[in-house]
Every structure is written in C-alpha cells, then in structure tokens.
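When a ligand or atom number is given, it counts from 1 through the structure's own listing order. Only heavy atoms go into these numbers, but all of them, side chains included; no hydrogens, no water, no symmetry mates. A quick note: this is a predicted structure, and the numbers were derived from the prediction, not measured.
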Amino acid sequence: MSVRGAAKGVKIGLEIHCQMTRLKTKLFCSCSSDYRDKDANELVCPTCFGIPGTLPVLNEKAVEFAIRIATALGCEVAGTTSFYRKNYFYPDLTKNYQISQYDKAGGVPIAAGGHVQLDKKKVRIRRIQLEEDPGKLTYEGTIEKSSYSLVDYNRAGVALVEIVTEPDFESAKEAKVFLEKLRAMVEALGVSDGELEGAMRCDANVSVAGGGRVEVKNISSFKEVEKALNYEILRQTTFSGTEPSGVNETRHWDERRSITISLRLKEGEQDYRYFPEPDLPAVALSREYVASVRRGTPEVPEARAKRYVEQYGVAKQIATELSRDEPLSRYFEETAEIAGKGPEVANWVMGDSRERIQKMLAGEGKRVPPQGLADLLRLVDQGKATRDQARRVFREMLDTGKSAEELAGNADVGVLSDEHAVEQLVDKVLKESDVAGEAKDNPKAFNYLVGQVLRAERKADPKVVARIIRKKLS
Ligand SMILES: [Zn+2]
C-alpha cells in the first residue's frame, strides 16, 4: 500500500494549551505564574495543592484574556460560564482533579464557534475553555523505562486557555501553519509569549479512514508538531502488525526518539467523572463587560492587514507584511493619516528605508516623526524633489534630525522642470556615450544613460529623463 495513497482520508483535530504568560498570578490563587528558571516547588500555596479549607478564586484578568482570544477567533462568548472538575489520579495535580470547563452535562465553556482562515480552508474552532495547568513531571530516561519521576508543582495552577478545533486538518503541514498563525495571534493580543518553552503545547487527534481515533499527547513545541503528526499518519497507514490498529488509544510523542508510543487505550469522557466545581460560582459575563473587553482588545495582524487594504488602499501583499510589524504599522498609520496617501506611505516604510525606520523605532539614532515623513512626501508630490532625492533626504533626516524643508534647501534637491534644459543634457550624454547605439534594445544600456544624465544634473526628474531619451532613440 502506498503511503501517499493511503494518507487520504486523514483527519486531524488539535487541542492547543496556551499558557497566558502575561498574567502575573495563577488561575485560582495569588502564586506567581512566572515559574521558569525557578527552584522546584517554590511557587506553591495551600490552594495550589487543594488542601481542605482553601478555596479557589478566579483570576479576573484570565477571563479578560480568554475573551480577547475569543474575539480574535470570532467565537461567541457565553452569557454565563462555569467550571467543572475533571477527575483523574496522577501525581501532576495533588487534588486528583483539574479545574477545567466542560461542554456537556450543563457545562458551558467560556466561548464556542469561530474559525481561522488558512490559505485555502477554514478551520473551525469548537470551543475555548479556561483551565489550570498541571505540575511538571520529569522522567529519568524515557517515560516507559524510568524507575521514578520527579514532580515540580510550580506550574500547577498556571492559567491555560485550551483551544479545541474541529477535525478540519488533512495534513501535518496544515496543522503547523495554523499553529504558527495562532501563536502570532496570542502574542499580538498581549496574552502569551508563545515562544517561551512550553507556553504553547498541543495534543492531536489523528485518524486515517477506517482506523481508530488516536490521541497524540505531549507535543511540547510547534517544531515537533509536523514531525509527530507525519510519524503518526505513516504509522497508522502502514502499521507493522505489532502495533494496535483500529482502536482508540492515547499515545505519547517521544521527542528524543521521534516516535509515538502507546500509553493506554483511550479513556472515555465518563472516566473523568466530570461534575460542576462546587467551590466556584458560575460566572456571568454581561454584554457590557464583554463589549468593553472587546473594545480594549489589541488588533491582530490579520485584521490590521484587512483594514489597511480597505481604509488606506494599500496593496494586499504589502499590507499583510506591514501589519506583522506593530511599531512599523503604527508609524505607517500616523504618517498616512497626516499625508493622506496610504499606498505611497506604505511603499515608503516597506521600501529601501524599512530597516532604517525599524532601527529608529527601536530607539536608534535621530527620530523622524510621522509629520516629518509626511512633509517630505509632500515635497515629492509638489514636484519639489524627485523620489531619489527624497530617499537621500530621508537618510539625512535620520542622520541629522533636520527637517525635510531644511534639507531640501540644499542645492542638490529640487526638480529641473525645464524640459529644454533636460533635452540639452540628454543630447550631450548621447553624443559622448558609446552605448547610445545599443540602448534602444538593451534596458541595461538604457538605464546607464539615464544614470549618466542624472549624474550630470541631480535635479533632473528620472521619469522625464527616461521619456526624453526614449524619444531621442526612436
Ligand atoms: Zn498557589
């Protein structure tokens, strides 16, 4: 059976666990959630451990952050949401349950619906829910052979938002593209630093037509997702005979060996004995509250790009690239508002000057305010400077902090509008140059001639020069 042919009918759904790393404290207590590079079991309290007599208190900011994500994904936010206990016995949570949310038996997760648009397809979001991260287990050697494991509860109770997709992916590649998009989104929303180790983890449900549903757990970085999914698709389509097939099971991604290994037959939801968390009241999310969070939600790059096309008339590709750089986007917008010429400003900030502007926005060298760039573009517009001169002036503005007007007073800036004078220059260059003969059919020679004229007269407008040379050659 060919793998390529057999890989048809692949369905993948993802469950992404995203730590809200921008929160200062955990989801239900005031312990710091900044657990990276800390000594083990340092950031814990009786609530983290679920010791009798303690009560969890919901982190309000976590609710706000989850609504930001729901907004960016186009999900519907619930009017009232509630927490459930997911019961299981495992040393990563001392309580023997995880406080999570549930979408059955009367449970309502914080948001549902929505989608992410990939190039050619829509990936539907099933739901978004809040839950606490378990502690972290470390094994000596491999998970199968280790004789003991170490547990660190610093991570226990850190706020996660779980994003569950419908099984809309048909390849590992699609899943990877989606995850990269999602990471850029949560970063732009100011919710998570997705680059941090373990900040975004993912479980995947993979099934191949005719087979069972296999959940691959423990994919700890997006780099690994494509590898893990490709391995699993290959394994399911070419099973060796020794591996179980056609059953529902949970497998573990072993990063070191780059294989999945069977952990257990998949537990059904009933195994978790979900029931409403008695220590937390249901949370009412009024329309006014949700609307106010939405208003304060930062714009994600995709929405920004769309707006640049519609509002400023910027070409789609430039808008897409520009919108990924937030400081540059702000600079563009402020300038475009003053100059009133979106496409020109976009071309400018994304053109040759891009790197210099980025450095300037990062605090390097002199600052050219949006008004300064708008003034410069106006000089071009009024025919007082050529585009080439403007580029030169802009570099000088960045170097000296002087204004466009000041620098344009320079003898080298200005446009020679007298066509007769340009014609005389062209005649002179054509007469003296030995490439004039071939310039008609050779663009390189043609551009060389234009350059020669501009060298003789920096104020000549390249467009006028080119037009006159073309006329003379024909
Ligand atoms: Zn705590």
Side-chain angles (χ1 to χ4, degrees), residues 15-69 81-102 107 109-110 128-139 148-163 186 189-194 196-201 203 217-218 220 272-285 293:
E15 289 176 16
I16 301 101
H17 291 97
C18 170
Q19 281 179 344
M20 301 197 264
T21 59
R22 300 283 179 94
L23 290 175
K24 291 195 169 61
T25 56
K26 294 185 180 181
L27 188 54
F28 299 115
C29 66
S30 57
C31 289
S32 166
S33 56
D34 184 14
Y35 68 87
R36 290 176 176 81
D37 302 320
K38 296 288 189 306
D39 288 337
N41 299 309
E42 192 185 322
L43 310 174
V44 290
C45 74
T47 307
C48 294
F49 282 138
I51 288 172
T54 61
L55 284 174
V57 177
L58 179 61
N59 184 334
E60 192 182 338
K61 199 79 185 164
V63 174
E64 188 188 316
F65 279 6
I67 295 174
R68 283 192 193 179
I69 293 176
T81 186
S82 56
F83 289 91
Y84 271 60
R85 282 190 186 178
K86 181 182 182 180
N87 297 281
Y88 66 89
F89 179 75
Y90 203 61
D92 59 3
L93 275 174
T94 58
K95 296 183 292 204
N96 290 343
Y97 60 83
Q98 177 191 31
I99 305 179
S100 180
Q101 297 199 291
Y102 197 44
I110 191 160
I128 293 177
Q129 62 186 41
L130 281 165
E131 63 186 32
E132 56 183 341
D133 210 350
K136 202 174 173 187
L137 293 176
T138 313
Y139 307 97
Y148 66 89
S149 54
L150 299 169
V151 60
D152 174 8
Y153 291 108
N154 283 347
R155 201 180 71 180
V158 165
L160 292 180
V161 65
E162 185 185 59
I163 300 159
V186 295
L189 290 171
V191 167
S192 181
D193 304 283
L196 288 177
E197 200 233 317
M200 290 191 90
R201 310 186 301 267
D203 297 341
K217 282 196 171 286
N218 190 45
S220 65
Y272 288 122
R273 293 152 36 238
Y274 278 97
F275 64 84
E277 167 59 64
D279 290 342
L280 284 164
V283 183
L285 304 165
V293 173

**Asked** Thr138 and Asp152: side-chain donor and acceptor closer than 3.5 Å?
**Response** no
**Request:** State whether a side-chain donor-acceptor pair under 3.5 Å links Gln129 with Glu162.
**Result:**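 Yes, Glu162 and Gln129 have a side-chain donor paired with an acceptor closer than 3.5 Å.
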**Prompt:** Taking the Zn ion (ligand 1) as the center, what protein N, O or S atoms are found at less than 2.8 Å?
**Reply:** Cys29 SG, Cys31 SG, Cys45 SG, Cys48 SG
**Request:** Please check if atom NZ in Lys38 has more than 12 non-hydrogen atoms from other residues, nucleotides or ligands closer than 6.0 Å.
**Result:**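 Check passes, neighbour count above 12.
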**Asked** What orientation do Tyr274 and Tyr84 show, parallel under 30°, tilted 30 to 60°, or perpendicular over 60°?
**Response** tilted
**Prompt:** Are Arg22 and Asp193 close enough for a salt bridge, meaning some N to O gap below 4.0 Å?
**Reply:**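 Asp193 and Arg22: salt-bridged.
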**Request:** Might you work through the side chain to side chain contact (heavy atoms under 4.5 Å, CB included) test for Glu64 and Glu60, ending with a clear yes or no?
**Result:** CA-CA 7 Å; Glu64 188 188 316; Glu60 192 182 338; over 6 Å; no
